[in-house]
Engineer: 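I have a structure here, written as structure tokens, and I will follow up with some questions on it.
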Amino acid sequence: MFRKIHSCGQETQKKFIKGVNVLDELVGGTLGPSGKNRVIQRKYKAPLVTNDGVTVARHVVLDDVIEDLAVQTIVEVALKTNEQAGDGTTSSVVMASELVRHCLKLQSKGSLLEGGVDTNPMSLWRQIQEEKTKAVDLLKKKAKKLSDKDLDNIIATSLEDLEYGKTLAELLRTVGKDGYISTEDNWATKYGITTEVTTGMRFLGTYASPYLATEKNAKEALWEDTYVLTTNHKLESVQQIKDLLKELGEKGARKLVIIGGYSEGEAGFSKEFIETVAKAIQALFDPRIKDKSSIIQVLAVKAPSLTSAELEDVAIATGGNFIDKNLGVELQTVKLEHLGFASKVSVTEDEVNILGGKGDTKQRVEVLKEQLERERDQMFKEKLKRRIASLSSGVGIIRVGASTESERSYLKYKLEDAVNAARAAMEEGYVKGAGLALVDIAEELGKDSVLYSTLNAPYKRIVDNAGGNLRVPAKVIDPLKVVRLALENACSGAGMLITSDGAIAEEKMTYNDYLEKVMQKMVPRDERDDFRDSENQDQGAGRLID
């Protein structure tokens with residue numbers, strides 16, 4: 001059972017500060033090279049050990065609901081920074097927490113302080129907005145473009161490991177700015193990371209029949225210099241593509257790959273169709289057939305995981321048209337000009353790889369990038385990133401091995417943060433690392449600035465975590481985009497608490513509170529008062545015994 005509770009005034013603001021302090025201690029303690037890890041309980045899994053700010057933040061829940069409201073407001077800051085930049089989440093929490101503490105304390109001291117600072121909540125909010133804009137402009141002026149050496153430094157700073165940093169930097173250079181990098185578990189390796197790059201298109205799928213495999217030992221169908229037909233039609237019979245096969249024969253082409261996506265639980269190829277095309281492929285290996293030049297080979301590929309949009313990606317990558325049944329395009333009307341072409345198609349029991357597609361994908365990539373900017377769902381954003389990568393520069397895979405599941409999870413979080421930091425630096429350049437860029441901005445704004453302590457907070461926390469003794473090398477740098485978004489989101493989230501001094505929430509009732517509520521409904525007031533009177537209870541007990 002829950003009950004509504006209400007809170008107003010300075011007592012509410014004190015609870016906001018108390019909640020923010022708890023979050024700041026848990027998240028801020030992980031910041032910097034000397035930051036400590038946090039151990040998070042997980043049901044039915046090994047504990048999660050991490051110093052990833054947003055991961056720690058999203059697991060913080062306080063018993064006091066008013067304090068927890070403040071926590072969840074600042075957690076949103078970390079989540080937004082993670083969504084936009086993928087890194088800088090801890091710094092954003094540290095800055096937001098400091099800004100809330102500073103401004104709420106200012107409000108409790110009076111309406112106007114020395115230096116002309118108006119402590120009215122809305123006046124503070126407007127001043128924060130003005131100073132934030134100045135700070136961001138100054139950051140942009142101090143930013144520098146990223147070089148290859150700087151990329152190594154960015155990744156090493158985020159990973160806190162020079163060897164892994166070099167490996168990851170090389171992978172990023174290979175896949176490029178638009179390349180997609182996924183992090184996977186490597187159960188075969190006890191410790192360390194391995195990388196792999198796949199060029200061209202790669203997606204889940206398989207051949208329609210084992211008899212279509214050309215490499216028997218490897219269970220793989222490997223085709224080179226082949227035409228490609230992409231469709232979501234169901235192929236019942238070879239008669240549906242009879243005219244197309246005839247045109248292929250006249251042009252001297254002997255290979256056709258049909259990639260079929262389908263829905264509604266139906267198979268993309270009928271049994272009759274598969275048997276017919278399998279016999280044609282088997283004839284290539286029949287020594288009794290001398291003249292094999294007239295045999296047209298058809299490879300049927302099942303790709304049920306692909307949506308219509310992804311099938312269209314395949315068609316565009318190979319330079320063909322997507323034959324969509326939903327648009328009323330019939331298979332019988334397909335001609336050679338509608339087909340795509342690829343230099344190599346490899347199909348195994350699990351996946352399909354298409355290399356050397358002859359299509360121009362630039363326009364398609366631009367459309368997908370526009371969709372990515374508008375998309376808010378994280379799962380769909382990841383899918384769009386992979387589609388963009390497969391159409392442009394390729395997909396990079398990092399396989400992470402470790403002795404325990406907890407350590408493997410820890411490494412994966414660090415690698416993902418490093419990749420996001422590197423991409424952010426590629427976009428907008430870099431500034432001084434370890435919070436020093438923000439310290440410089442604070443000095444330029446002056447000590448009377450409302451943001452002065454906020455801008456100094458990340459560096460101060462890094463120094464505190466290092467025991468008060470820290471020397472920052474010149475090669476320690478941070479992406480401008482990460483620092484900028486951390487500051488902007490911190491000001492936004494903190495501003496919501498600074499301008500609030502009341503809260504309404506639902507609080508879980510204790511058993512005694514629940515019993516009290518039930519009694520209020522069931523027992524009349526006069527009898528309830530008698531029941532609570534200990535003297536009356538004693539007398540009643542005596543009468544019962546008599």
Engineer: Indicate yes or no for a side-chain donor-acceptor contact from Ser343 to the backbone of Leu355 under 3.5 Å, with no hydrogens or angles considered.
Structural biologist: yes
Engineer: On a heavy-atom basis, which atom in Asp87 and which in Thr81 lie closest, and how many Å separate them?
Structural biologist: O-CG2, 3.4 Å
Engineer: Does a side-chain N-to-carboxylate-O contact under 4.0 Å join Glu375 and Lys381?
Structural biologist: no
Engineer: With a 4.5 Å cut-off on side-chain heavy atoms, are Leu339 and Val228 touching?
Structural biologist: no
Engineer: Would you find a donor on one side and an acceptor on the other, under 3.5 Å apart, between the side chain of His338 and the backbone of Lys335?
Structural biologist: yes
Engineer: Would you check if the side chain of Asn82 reaches a backbone N or O of Ala78 as a donor-acceptor pair within less than 3.5 Å?
Structural biologist: no
Engineer: First locate atom NZ of Lys412, then atom CG of Leu415, and finally report the distance between them rounded to the nearest 0.5 Å.
Structural biologist: 10.0 Å
Engineer: State plainly whether the residues Lys132 and Glu488 are in salt-bridge range, i.e. N to O under 4.0 Å.
Structural biologist: no
Engineer: Less than 4.0 Å between a side-chain N and a carboxylate O, is that true for Lys80 and Glu76?
Structural biologist: no
Engineer: Could you tell me which non-hydrogen atom of Ser346 sits nearest to which non-hydrogen atom of Leu222, and how far apart they are?
Structural biologist: CB-CD1, 3.9 Å
Engineer: Are there more than 12 heavy atoms of other residues, nucleotides or ligands under 6.0 Å from atom CG of Leu336?
Structural biologist: yes
Engineer: Closer than 3.5 angstrom, by distance alone: can the side chain of Thr206 be matched with the main-chain N or O of Thr348 as a donor-acceptor pair?
Structural biologist: yes
Engineer: Can a donor-acceptor pair be found, under 3.5 Å and without considering hydrogens, that links the side chain of Thr318 to the backbone of Ala315?
Structural biologist: yes
Engineer: For residues Ala57 and Val75, report the shortest heavy-atom separation together with the two atoms involved.
Structural biologist: O-CG2, 3.4 Å
Engineer: Any idea which heavy atoms bring Asn326 and Ser308 closest together, and the distance?
Structural biologist: ND2-OG, 4.4 Å
Engineer: So, does Ser92 use its side chain to make a donor-acceptor pair with the main chain of Ala486 at under 3.5 Å?
Structural biologist: no
Engineer: Do Leu372 and Ile388 have side chains that approach each other closer than 4.5 Å (heavy atoms only, starting at C-beta)?
Structural biologist: yes
Engineer: Hey, are the side chains of Pro479 and Glu428 touching, using non-hydrogen atoms and a 4.5 Å cut-off?
Structural biologist: no
Engineer: Would you say Thr307 and Glu310 are linked by a side-chain donor-acceptor pair, where the criterion is simply a distance under 3.5 Å?
Structural biologist: yes
Engineer: Can you confirm whether Leu256 sits close enough to Leu244 that some side-chain heavy atom of one is under 4.5 Å from a side-chain heavy atom of the other?
Structural biologist: yes
Engineer: After noting the C-alpha distance and the side-chain angles of Val257 and Ile354, does the key distance pass the side-chain contact (heavy atoms from CB on, under 4.5 Å) rule?
Structural biologist: CA-CA 11 Å; Val257 175; Ile354 301 176; over 6 Å; no
Engineer: What's the spacing between Leu497 CG and Ser97 OG if we round to 0.5 Å?
Structural biologist: 9.5 Å
Engineer: Hey, is the main chain of Lys325 close enough, under 3.5 Å, to the side chain of Asn232 for a donor-acceptor pair?
Structural biologist: yes
Engineer: Taking all non-hydrogen atoms of both residues, which atom of Val71 and which atom of Leu23 are closest, and how far apart?
Structural biologist: O-CD2, 3.8 Å
Engineer: Could you pull out the closest heavy-atom pair between Ile241 and Ile258, with the gap in Å?
Structural biologist: CD1-CD1, 3.8 Å
Engineer: Assess whether salt bridge (charged side-chain N to carboxylate O under 4.0 Å, His left out) is satisfied between Lys344 and Glu224, documenting all intermediate values.
Structural biologist: CA-CA 4 Å; Lys344 183 178 179 181; Glu224 296 181 350; 5.6 Å; no
Engineer: Could you check whether any side-chain heavy atom of Thr55 comes within less than 4.5 Å of a side-chain heavy atom of Leu48, counting everything from C-beta outward?
Structural biologist: yes
Engineer: Measure the shortest side-chain to side-chain distance between Trp125 and Met496 over non-hydrogen atoms and say whether it is less than 4.5 angstrom.
Structural biologist: yes
Engineer: Is a side-chain donor or acceptor of Asn321 paired with a backbone partner of Ile323 at a separation under 3.5 angstrom?
Structural biologist: no
Engineer: Considering only NZ, NE, NH1 and NH2 on the basic side and carboxylate oxygens on the acidic side, decide whether Asp313 and Arg364 come within less than 4.0 Å.
Structural biologist: yes
Engineer: Taking the side chain as everything from C-beta on, heavy atoms only, tell me whether Thr30 gets closer than 4.5 Å to Arg38.
Structural biologist: yes
Engineer: Under 4.5 Å between any side-chain heavy atoms of Leu438 and Leu139, yes or no?
Structural biologist: yes
Engineer: What's the verdict on side-chain contact (heavy atoms from CB on, under 4.5 Å) for Leu229 and Ile259, showing C-alpha distance, side-chain angles and the deciding distance?
Structural biologist: CA-CA 6 Å; Leu229 169 62; Ile259 299 175; over 6 Å; no
Engineer: In Å and rounded to the nearest 0.5 Å, what is the CG to CD distance from Leu391 to Gln363?
Structural biologist: 12.5 Å
Engineer: In Å, rounded to the nearest 0.5 Å, how long is the span from CD of Gln84 to CG of Leu79?
Structural biologist: 11.0 Å
Engineer: Atom OG1 in Thr90, atom CG in Leu31: separation rounded to 0.5 Å?
Structural biologist: 6.0 Å
Engineer: Heavy-atom count check: over 12 atoms from other residues, nucleotides or ligands less than 6.0 Å from Lys432 NZ?
Structural biologist: no
Engineer: So with a 6.0 Å cut-off around CD of Glu337, is the heavy-atom count from everything else above 12?
Structural biologist: yes
Engineer: Would you sort out whether Phe341 and Asp225 count as a side-chain contact (heavy atoms from CB on, under 4.5 Å), showing the intermediate values?
Structural biologist: CA-CA 7 Å; Phe341 192 88; Asp225 300 326; 3.9 Å; yes
Engineer: For the pair Val419 and Leu168, evaluate side-chain contact (heavy atoms from CB on, under 4.5 Å) and give the outcome as yes or no after the intermediate values.
Structural biologist: CA-CA 8 Å; Val419 169; Leu168 190 53; 3.8 Å; yes
Engineer: Kindly compute the distance separating OG1 (Thr133) from CD1 (Ile128), expressed to the nearest 0.5 Å.
Structural biologist: 11.5 Å
